[in-house]
Amino acid sequence: MLEIKNYIGGVFQPALDGETLDDFNPATAQCIATIPRSKAADVELAVVAAQSTQSEWGALSMMERADWLDRIADALEAKHEHIAQTESMDTGKPISLARRVDASRSVSNFRFFAEFSREQPQMTFEMADAMNYVHRSPVGTVGLITPWNLPLYLLSWKVAPALLMGNTIVAKPSEITPLTANILAETLHELELPPGVFNLVHGLGPEVGQSILEAPGIKGISFTGGTATGRIVARTAAPMFKKLSLELGGKNATIVLRDADLTQAVDGAVRAAFSNSGQVCLCGSRILVDASIADNFTKLFIEKVESIQIGNPSLAETVMGSVISPEHLEKVESYIELGLAEGGTVLTGGTRAMTGFKGPDGIGAFLRPTVVADLPHTSRCATEEIFGPMVTLHTFDTEEQAVEMANHSEYGLAGSVWTTDLERGRDLATKIETGIVWVNTWLHRDLRTPFGGVKNSGVGREGGKWSMEFFSEMTNVCVKSGKLSE
Ligand code: NDP
């Protein structure tokens, strides 16, 4: 059993009051670690540590900090298998996914921001009689708060640009999945990153998270998590005029047009629906299909869903593991019950998975991938974020109807359109009220592009230059040429 500590001012230490929380493997129901249950005093310590090293870290050139990012990427790459195994154990996700996505993309986040920064030109704007130079400074000490679904991947997506732009960090991972954030802290310690540049405080959202939001020394907050928590973040931090980036929930539509390549669309829709047990903010949890191809599509879709290998996350052949916790399993099950009560038909799934896989302390939180049809697109199951292995299937007769159905949502994070007519796909994509639309693909990421949502899915964009902008303040210096009197 691991005993995880906070990492503050370059020192691994327990919570000041010594309290701890248990961390479970959701696939085996086994307690695998304890973490500090930190409070405001621990956060305060971390903020002081971060502030005390701010000027030293901010004084390095961006190129020097980019070199640091490369060193971090190399060190994480050397731990690739350790990270993948740990993430799989902490989240219940299959090891293949943890290797391919979590471990690999955490490395590439650092690598990307290092390389990207080296390509950035000095921003200047020439006038007839003057030159404007845009100077970037760090925001200062920033708070990074992240969720449990892609723990190190989402944390590194914030840590890399925050460090690059010269900020110091107080980070809080989800208390359900703290282990790979700890590996990052260990790695930075081994690399001898100056103490205080990166601080990690473990604990509960309403205690540690809230203290980070409220700390006057924290000048910016980058938050990824649910919309309800995002509201609390905005309510707390906005009156203090902290810089805010909010990446929140989604209820994304997968739109299959009548001219879609069916095999490609079915493969894409299944991947979008059930990757990471449907626990990716970008997952396509509402599938909208042209009525003229609906029978054919549904038959192939269900066949494919039923072929998903669910079970022991540590086996290479497993495609779907458990959901994140027994509580989350019950939440998803309550939506299946609601779907039935709302008049829906369960086409497949709907029950716990009898995987024959039992951990030492009980049965893990496994649920069969579930598809529900015959629900109105306005029903609760089709409009509320479930964030698990359950999707709803709907049909439309015209493209206008498809757009109207897709936009009937308080969320606007992502979506996909499947068609062989690429012009039509592009045109339809622009009519969907959302931050990201893929045509004939899903989760195909170029890290230079803007990432973020509209409506209740968030405020602001991250990725490439948008992350660099968020984690810096810009000063325009206008230098007049010619005689002083002019
Ligand atoms: P939560 O909103 O519950 O938690 C996110 C983080 O916020 C956790 O670290 C949590 O801590 C912390 N937190 C909770 N309460 C507070 C508070 N009062 N003040 C500050 N921090 C707090 O989300 P989940 O962890 O359940 O993650 C799932 C959600 O994240 C889904 O809605 C999903 O759509 C969204 N998400 C969005 C993404 C995007 O890019 N738009 C990407 C991935 C997920 P603790 O865990 O201790 O409660």
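Predicted model only: the values in this text are computed from it and were never measured. For ligands, and for the atoms within them, numbers begin at 1 and follow the listed sequence.
- For the pair Arg271 and Trp438, the cation-pi test (distance below 6.0 Å, angle within 45°) is failed.
- Less than 6.0 angstrom separates the ring centroid of Phe387 from the ring centroid of Trp148.
- For His377 and Phe396, the gap between ring centers reaches or exceeds 6.0 Å.
- For ligand 1, residues of the protein lying within 4.0 angstrom by heavy-atom distance are Ile145, Thr146, Pro147, Trp148, Asn149, Leu154, Lys172, Pro173, Ser174, Glu175, Gly203, Leu204, Gly205, Pro206, Gly209, Gln210, Leu213, Phe223, Thr224, Gly225, Gly226, Thr229, Ile232, Glu247, Leu248, Gly249, Gly250, Cys281, Glu385, Phe387, Leu413, Phe451.
- Comment: Glu190 engages Lys79 in a salt bridge, judged by a side-chain N to carboxylate O separation of less than 4.0 angstrom.
- Applying the side-chain hydrogen bond (donor to acceptor under 3.5 Å, both in side chains) test to Glu87 and every residue at least two apart in sequence or in another chain returns Thr180.
- Closest of all the heavy-atom pairs between Phe471 and Ser222 is CZ-CB, 3.9 Å.
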